[in-house]
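Atoms within each ligand, like the ligands themselves, are counted from 1 in listed order.
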Amino acid sequence: MNFDLVIIGGGPAGLSAAIYGTRGGLTTAVIEKQAPGGQIVLTSEIENYPGVDKESGYELAMKMMNQAEGFGAQFIFDEVQSVDVKNKKVKLASDEISYGALIIATGAYPRKLNLEAEARLTGKGVSYCATCDGAFFKGKKVAVNGGGNTAVEDALYLKNFASEVYLIHRRDALRAEKTLADALLKSGVKIIWDSVVENINGDDSVESLTLKNVKTGELSSLQVDGLFVAVGQVPESKAFDWLELDAQGYVITKEDMSTAFEGVFAAGDLRQKPLRQVVTAASDGAIAANSAIKYLTENGLK
Ligand code: NAP
């Protein structure tokens with residue numbers, strides 16, 4: 001298979017790149033290892049994307065995907081094994097695809113706490129997705145760990161189901177934006193400041209957490225049935241470590257989304273940038289596709 005433009009990752013950045021690429025006349029493939037939408041499908045409500053009043057992340061993702069497909073983008077559901085930059089080929093588990101230009105938009109995934117019981121109790125009370133698993137905790141007690149937008153949104157969402165929601169944060173001020181922080185303070189969510197989760201306790205399911213106050217060193221026990229981990233993101237850049245990465249593993253690009261490799265662009269949450277939102281991911285995708293069109297045209301490849 002051969003495409004003018006191959007996009008790795010079907011989140012907002014990749015889908016936006018597909019819309020701009022196909023509308024720019026490029027044969028375009030989007031390779032996605034799971035379901036399209038990326039991290040936004042984990043969001044119950046998007047209300048800061050211009051023109052969208054209130055919509056679930058899943059609904060917005062499906063609209064973006066249908067739009068890209070409507071313009072002719074082809075979706076390939078497979079996992080990228082490696083990229084042969086010299087010969088311009090993407091190796092998949094079951095196929096190989098040639099490209100003229102490549103956009104990498106693989107995004108980021110939730111960071112783990114790296115606690116002993118975390119992996120063992122994942123799916124048994126430990127979760128990284130409130131919108132996916134919140135409904136399982138109807139009438140139960142849950143805790144959210146983190147102080148960013150995701151943690152606060154998760155805590156507010158979980159108030160719809162749980163009898164008690166705690167938010168555990170390692171500092172005494174939230175990182176989340178003011179509107180969300182204000183909503184949290186009014187919501188009845190109990191905030192446990194200056195604390196980290198030291199242990200998750202339970203044999204077959206979460207029974208309690210051991211918390212440590214980072215200022216006093218004091219340990220305490222919190223009885224909960226669930227723990228939602230929302231302590232940030234890790235860039236999905238492992239397969240692309242040949243690109244220039246910063247200390248956290250984010251891909252360094254120029255303003256036009258180009259990387260140090262000719263014809264290879266990066267877009268979205270995977271990129272080193274100051275603001276990771278749906279709107280900035282979509283913007284990155286549009287710029288990357290535009291740069292790809294320019295690259296192909298100027299080099300007589302289209
Ligand atoms: P984030 O903004 O990086 O926040 C991560 C939070 O987890 C911080 O409060 C951090 O504490 C804490 N943390 C990090 N490592 C920890 C550890 N090992 N143990 C305990 N706590 C730890 O991540 P995010 O909330 O997932 O958001 C990711 C990006 O998506 C952000 O750019 C965010 O703005 C965006 N986002 C936007 C929206 C929206 O606009 N509605 C919704 C969701 C996400 P410190 O504060 O002390 O660093």
[atom] - nearest protein heavy atom and its distance:
{"atom": "atom 44 (C) of ligand 1", "value": "Thr150 OG1, 3.3 Å"}
{"atom": "atom 14 (C) of ligand 1", "value": "Val231 O, 3.2 Å"}
{"atom": "atom 1 (P) of ligand 1", "value": "Arg175 CD, 4.0 Å"}
{"atom": "atom 39 (C) of ligand 1", "value": "Asn48 ND2, 3.5 Å"}
{"atom": "atom 34 (O) of ligand 1", "value": "Asn149 ND2, 2.9 Å"}
{"atom": "atom 23 (O) of ligand 1", "value": "Gly232 CA, 3.3 Å"}

Original post:
Does Gly148 reach ligand 1 with a nitrogen or oxygen that is under 3.5 Å from one of the ligand's nitrogen or oxygen atoms?
Top reply: yes
Original post:
Going by distance only, is there an N or O of Gly147 that falls short of 3.5 Å from an N or O of ligand 1?
Top reply: yes
**OP:** Indicate, with yes or no, if the rings of Phe137 and Phe228 have centres closer together than 6.0 Å.
**Re:** yes
**OP:** Check the pair Asp172 / Lys215 against salt bridge (charged side-chain N to carboxylate O under 4.0 Å, His left out), numbers first and verdict last.
**Re:** CA-CA 10 Å; Asp172 60 2; Lys215 285 193 173 153; 3.4 Å; yes
Subject >> Minimum heavy-atom distance Ala68-Phe75, with the two atoms named >> reply: CB-CZ, 4.2 Å
Would you say [X]'s side chain and [Y]'s backbone share a donor-acceptor pair under 3.5 angstrom?
{"X": "Arg111", "Y": "Val231", "result": "yes"}
{"X": "Ser291", "Y": "Met257", "result": "no"}
{"X": "Asn145", "Y": "Val229", "result": "no"}

Subject >> Atoms in ligand 1 with a heavy atom of Arg171 nearer than 4.0 Å >> reply: 45 (P), 46 (O), 47 (O)
Original post:
At a 4.0 Å threshold, what atoms of ligand 1 neighbour a non-hydrogen atom of His169?
Top reply: 9 (O), 11 (O), 45 (P), 46 (O), 47 (O)
Subject >> salt_bridge(Lys273, Asp284) N-O dist < 4.0 Å >> reply: yes
**OP:** Answer yes if Ile103 and Tyr295 sit in the same cluster of Ile, Leu, Val, Met, Phe, Trp and Tyr residues linked by side chain heavy atoms under 4.5 Å apart, and no otherwise.
**Re:** yes
Subject >> Partner of Val142 by side-chain contact (heavy atoms from CB on, under 4.5 Å), out of Asp133, Val224, Asp154, Val165 >> reply: Val165
Relative to [atom], which among [options] owns the nearest non-hydrogen atom?
{"atom": "atom 37 (C) of ligand 1", "options": "Glu177, Gln277, Gln233", "answer": "Gln277"}
{"atom": "atom 41 (N) of ligand 1", "options": "Arg111, Glu153, Lys273", "answer": "Glu153"}
{"atom": "atom 11 (O) of ligand 1", "options": "Arg170, Glu47, Arg276", "answer": "Arg170"}

